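Residue numbers start at 1 and run along the sequence shown. Owing to the predicted nature of the structure, the values given are computational and were not obtained by experimental measurement.
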Amino acid sequence: MSFFQMLKKSSQNLSKIGPLCVCSMMLALRIVLGMFTNFTLSFTPFAKIGFTFLPIVIVAYLYGPVCAAIVSGLGDILSIILSNPTAFSIMPGITLCYMLEGLLLGFILYEQNTTVLRTAVAFIVVLSLCRLPLNTLVLNIMMGVPYFEILLWRALILVPFAVVEVLLSFLVLRTIQNSPSLNKLIK
């Protein structure tokens with residue numbers, strides 16, 4: 001499937017009731033996980049660890065890059081608004097990076113056979129194109145801390161955590177793939 005065909009097919013999922021409902025549920029899960037499971041390690045304020053990637057991976061696998069980008073971006077915005085409505089601190093650069101992550105995960109995982117290698121490649125691409133260089137650049141601009149200092153701290157935390165992300169994502173996607181009744185329900 002070509003790049004544009006994948007975008008078209010993914011965007012068509014937004015006009016179907018089943019995929020729209022699943023995307024809405026994954027958005028709600030992404031918001032809850034964004035509000036309650038993201039945490040910053042005490043020794044560095046430059047990297048958050050959490051489980052907000054799971055709903056995005058599920059949407060990317062089931063419905064493609066467009067749906068995953070929308071759920072990822074809206075999830076970031078809404079979790080910030082709902083977690084602290086008085087301090088409106090949305091960072092458009094970070095939100096765009098989340099949307100790019102959703103796109104990339106969708107392009108790699110959409111309607112593909114789930115393997116550890118494919119899942120690892122998806123997270124290596126996201127880590128090397130979004131989380132490390134682009135998110136670090138946004139943090140550098142916002143905080144004024146030298147880019148490579150932030151990059152070092154983020155790499156020390158995010159690279160090892162990527163192993164956890166790959167394993168959890170693989171297990172969840174393999175469960176979805178191997179459940180015919182669930183596949184019938186979500187399509």
Side-chain angles (χ1 to χ4, degrees), residues 23 26-61 65-109 116-173:
C23 286
M26 291 298 111
L27 175 60
L29 181 59
R30 163 59 179 90
I31 292 167
V32 170
L33 291 173
M35 291 172 58
F36 298 112
T37 69
N38 281 347
F39 60 94
T40 305
L41 299 176
S42 61
F43 58 88
T44 178
F46 305 124
K48 285 185 178 179
I49 294 177
F51 297 96
T52 58
F53 65 92
L54 279 173
I56 308 308
V57 166
I58 293 169
V59 171
Y61 172 74
V66 174
C67 296
I70 291 170
V71 169
S72 189
L74 279 176
D76 179 54
I77 292 168
L78 293 173
S79 64
I80 291 169
I81 291 171
L82 294 173
S83 66
N84 192 358
T86 58
F88 196 68
S89 60
I90 293 174
M91 297 170 268
I94 299 292
T95 302
L96 288 173
C97 288
Y98 279 128
M99 292 178 75
L100 182 59
E101 284 183 26
L103 273 174
L104 292 171
L105 287 170
F107 284 125
I108 297 169
L109 299 174
V116 174
L117 180 62
R118 180 174 292 281
T119 310
V121 165
F123 278 97
I124 289 169
V125 167
V126 164
L127 193 63
S128 61
L129 294 180
C130 297
R131 291 183 185 168
L132 289 178
L134 294 179
N135 282 3
T136 302
L137 180 63
V138 172
L139 292 172
N140 165 261
I141 292 168
M142 286 175 26
M143 297 177 165
V145 178
Y147 178 84
F148 288 104
E149 182 179 331
I150 298 173
L151 184 66
L152 173 68
W153 282 110
R154 287 177 59 79
L156 286 173
I157 294 166
L158 295 178
V159 171
F161 190 68
V163 174
V164 173
E165 291 177 324
V166 167
L167 293 176
L168 282 175
S169 297
F170 171 73
L171 291 173
V172 168
L173 294 180

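Closest non-hydrogen pair, Ser72 versus Ile56, comes out as CA-CD1, 3.5 Å. The shortest non-hydrogen separation linking Val59 to Cys23 is CG1-SG, 4.0 Å.
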With a 3.5 Å cut-off and sequence neighbours excluded, list the donor-acceptor pairs that the side chains of residues 130-142 form with protein atoms.
from   : atom 1 : to     : atom 2 : distance (Å)
Arg131 : NE     : Glu101 : OE1    : 3.3
Arg131 : NE     : Glu101 : OE2    : 3.3
Arg131 : NH1    : Glu165 : OE1    : 2.7
Arg131 : NH1    : Glu165 : OE2    : 2.9
Arg131 : NH2    : Glu101 : OE1    : 3.3
Thr136 : OG1    : Leu132 : O      : 2.3
Thr136 : OG1    : Arg154 : NE     : 3.1
Asn140 : ND2    : Val145 : O      : 2.6

Which pairs would a plain distance check flag for residues 119-127, meaning a side-chain donor or acceptor within less than 3.5 Å of a matching protein atom at least two apart in sequence or in another chain?
from   : atom 1 : to     : atom 2 : distance (Å)
Thr119 : OG1    : Thr115 : O      : 2.8

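Between atom CD1 of residue Ile31 and atom CD1 of residue Ile77 there is a gap of 10.5 Å, rounded to the nearest 0.5 Å. Summarising the geometry, atom SG belonging to Cys67 is positioned 11.5 Å from atom CG belonging to Leu27; distances are rounded to the nearest 0.5 Å. Rounding to the nearest 0.5 Å places OH of Tyr61 at 9.0 Å from CG of Leu109. Remark: Arg118 CZ to Ile108 CD1 distance equals 8.0 Å, nearest 0.5 Å.
Between Phe161 and Phe53, some side-chain heavy-atom pair lies under the 4.5 Å cut-off.
Thr95 pairs by the side chain to side chain donor-acceptor pair (under 3.5 Å) definition with Asp76, not counting sequence neighbours. Residues satisfying the ring pair (Phe, Tyr, Trp, His ring centres under 6.0 Å) test with Phe107, not counting sequence neighbours, are Phe3. Applying the side chain to side chain contact (heavy atoms under 4.5 Å, CB included) test to Val66 and every residue at least two apart in sequence or in another chain returns Leu7, Ser10, Ser11, Leu14, Ile70. Remark: Leu54 pairs with Leu168, Ser169, Val172 by the side chain to side chain contact (heavy atoms under 4.5 Å, CB included) rule, at least two apart or across chains. With sequence neighbours excluded, the residues that form a side chain to side chain contact (heavy atoms under 4.5 Å, CB included) with Leu152 are Leu156.
Arg30 forms no cation-pi arrangement with Phe51, by the criterion of a distance under 6.0 Å to the ring centre and an angle within 45° of the ring axis.
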Go through Leu129 and Leu100 one step at a time and tell me if the side chain to side chain contact (heavy atoms under 4.5 Å, CB included) criterion holds. CA-CA 9 Å; Leu129 294 180; Leu100 182 59; 5.7 Å; no
